[in-house]
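Worksheet: the structure to be examined is printed underneath.
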There are 2 protein chains.
Amino acid sequence: MDPVTDTRTPTDTSTAAPACEELGLREQKKRQTRLAMHRAALELVAEHGLSAVTAQMIAQRAGVSTRTFFNHWSTKESAILGVVGDEGPRAVASLREKLVVMTVRQALHAVMRDGIANVPVDPELRDLKKRVMAKEPSLQSMSTGNLQAMQAELVDVLTESLDGEHARDHAEIMVQVGFALTRSAFSIAMRRGIDPVRAFDQVVAVYLRDDIDL
Amino acid sequence: MDPVTDTRTPTDTSTAAPACEELGLREQKKRQTRLAMHRAALELVAEHGLSAVTAQMIAQRAGVSTRTFFNHWSTKESAILGVVGDEGPRAVASLREKLVVMTVRQALHAVMRDGIANVPVDPELRDLKKRVMAKEPSLQSMSTGNLQAMQAELVDVLTESLDGEHARDHAEIMVQVGFALTRSAFSIAMRRGIDPVRAFDQVVAVYLRDDIDL
DNA sequence: GTGCAATAGTGCAGTGAATGCAACAGTTGG
DNA sequence: CCAACTGTTGCATTCACTGCACTATTGCAC
């Protein structure tokens with residue numbers, strides 16, 4: 001567990017950065033500690049339950065101070081979820097680019113698909129996270145609560161590309177439905193243990209074919 | 001805890017008017033303090049912003065102790081939103097009843113419409129709440145986070161009424177899309193200051209007519 | 001009216017999340 | 001080897017929230 005005395009070969013960096021270029025030692029360590037905290041958080045919640053786990057405990061198992069813990073994660077829950085926090089701006093920028101060369105619906109579809117594809121799920125922690133998420137429903141609310149933050153911005157961007165008196169209303173509905181399908185896909189992927197992107201494609205197919213509505 | 005059943009009035013049955021509430025003095029005062037706290041919370045957030053308002057401040061303005069504040073509300077935010085907390089079980093029971101005499105989609109539609117109709121909004125505090133919700137996006141996440149809690153149960157109930165191998169997946173998608181439309185309706189109603197139910201009907205109409213999808 | 005049970009309200013002590021600040025240590029680049 | 005940069009840390013503090021013991025008020029029966 002001691003990273004200093006770790007005797008593994010330097011080529012064994014597959015868990016940190018898949019096929020990335022040489023990062024600085026500083027950035028390397030940073031990611032290392034982040035991953036350690038994330039793993040510790042998941043393990044502890046799996047062992048003792050969310051309410052029985054404190055930020056101190058997570059920090060201690062990860063080998064960092066409590067203060068450092070909150071330097072990396074804005075809340076205790078974000079460490080469990082492994083939320084980085086830059087998904088919002090990235091999604092907005094991506095949508096802006098795509099709107100230049102695609103229709104509104106194509107762009108939104110692409111952004112949603114990219115978003116679910118880029119959910120960082122370390123394969124080693126995948127079923128651990130799956131178990132934790134299944135056992136603690138409040139974490140799911142938190143996970144979708146993070147999405148909520150970027151929704152308003154996406155609606156803004158989309159509104160600019162729509163015409164008509166109720167452009168904002170239409171944008172609102174499209175984004176909400178888009179996120180609904182994304183959430184469904186992620187939930188289904190977690191439950192069945194399949195690739196989230198594959199689940200997303202299936203959800204969209206089912207949605208279009210069966211004309212799910214109210 | 002039901003004041004109707006535990007307040008037996010054997011000598012005076014004429015006061016048992018179901019429409020008007022001849023509530024006990026105790027229950028009356030309780031609701032009074034609850035409303036005072038809810039109003040104080042909304043006012044303070046409108047004045048100083050969510051992060052600058054403490055539970056102590058709300059309690060003080062409402063004329064109660066801090067401890068009493070947390071005897072009524074589980075979190076600071078729930079006092080601002082005025083959340084009672086029994087919406088989940090009620091929605092599930094309602095869905096069960098409706099599934100006996102309706103199709104799956106009709107039942108879900110009805111439950112969603114009822115849900116948005118029964119949002120308790122004191123007319124006096126309505127635009128105050130509207131202003132606060134518009135100014136503090138994180139409160140919207142909290143509001144929808146409460147819905148998230150009941151989603152899983154609704155999916156369970158709906159799954160029983162669906163056939164096929166992917167019944168649960170279909171139920172998941174339907175519920176998620178249903179909540180997406182409900183959220184859109186509520187958001188639009190807040191923004192335009194119109195009746196939420198009316199907004200909901202319009203949203204559903206737009207959704208069906210324009211075939212919003214991905 | 002009077003006593004009794006139930007419950008709302010209160011004060012207090014304590015836990016834990018989260019932040020600001022100042023100091024320290026390792027990394028990078030020259 | 002030095003200097004700028006940045007991650008880490010300890011410390012103090014604020015605030016959300018809880019458990020517990022206690023008081024005050026209310027409802028009810030006699």
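Chain identifiers are assigned alphabetically (A, B, ...) following the order of the sequence lines, protein sequences preceding nucleic acid strands; residue numbering begins at 1 within each chain. Quick note: numbers below take in every heavy atom, side chains included, and nothing from hydrogens, waters or symmetry partners.
The separation between B:Phe69 atom CZ and D:dC15 atom P is 14 Å, rounded to whole Å. In this structure, CD of B:Gln60 is placed 13 Å from P of D:dA16, rounded to the nearest angstrom. Whole-Å rounding puts the A:Lys76 NZ to C:dG16 C1' distance at 8 Å. Atom P of nucleotide D:dC17 and atom CD of B:Glu77 are separated by 6 Å, given to the nearest angstrom. Between the CD atom of B:Glu27 and the C1' atom of D:dT25 there is a distance of 14 Å, given to the nearest Å. Here D:dC20 presents its P atom at 13 Å from CG of B:Asn71, a figure rounded to the nearest Å. With rounding to whole Å, B:Gln32 atom CD is found 13 Å from C:dA8 atom C1'. The CZ atom of B:Arg31 sits 13 Å away from the P atom of C:dG9 (whole-angstrom rounding).
For B:Ser65, a side-chain nitrogen or oxygen approaches OP1 or OP2 of C:dT10 to under 4.0 Å. The side chain of A:Thr33 contributes an N or O atom lying less than 4.0 Å from OP1 or OP2 of D:dT8. Between C:dA8 and B:His72, no contact under 4.0 Å exists linking OP1 or OP2 to a side-chain N or O.
Both B:Met37 and A:Ser74 sit near DNA chain C, but only B:Met37 has its closest nucleotide nearer the 5' end.
At a non-hydrogen distance threshold of 4.0 Å, nothing from residues 40-59 of chain A comes into contact with DNA chain D.
Of the candidate nucleotides C:dA18, C:dT10, D:dA16, C:dA18 has the atom nearest to the side chain of A:Thr75. Proximity note for B:Arg26 (side chain, C-beta onward) versus C:dT7, C:dG9, D:dC17: the nearest is C:dT7. Across D:dC17, C:dT10, C:dT27, the shortest atom-to-atom separation from the side chain of A:Lys29 is found for C:dT27.
Taken to the nearest 0.5 Å, the CZ atom of B:Phe200 stands 6.5 Å off from the CG atom of B:Leu181.
Taking 4.0 Å as the cut-off between side-chain N and carboxylate O, A:Glu47 and A:Arg61 count as a salt-bridged pair. Between A:Asp114 and A:Arg90, no side-chain nitrogen of the basic residue sits less than 4.0 Å from a carboxylate oxygen of the acidic one, so the salt-bridge criterion is not met.
Taking only distance into account, the side chain of B:Arg67 meets the base of D:dG19 through a donor-acceptor pair shorter than 3.5 Å.
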Start with the C-alpha distance between A:Arg168 and A:Glu172, add both sets of side-chain angles, then the distance that settles salt bridge (charged side-chain N to carboxylate O under 4.0 Å, His left out), and finish with yes or no.
-> CA-CA 6 Å; A:Arg168 174 164 285 273; A:Glu172 178 96 40; 5.4 Å; no
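In terms of heavy-atom proximity, A:Ile80 sits nearest to A:Leu42 at O-CD2, 3.5 Å.
No donor-acceptor contact under 3.5 angstrom links the side chains of B:Ser187 and B:Ser184, judged on distance only. Using modelled atom types, one finds no donor on one side chain facing an acceptor on the other under 3.5 Å when comparing B:Thr33 with B:Lys29.
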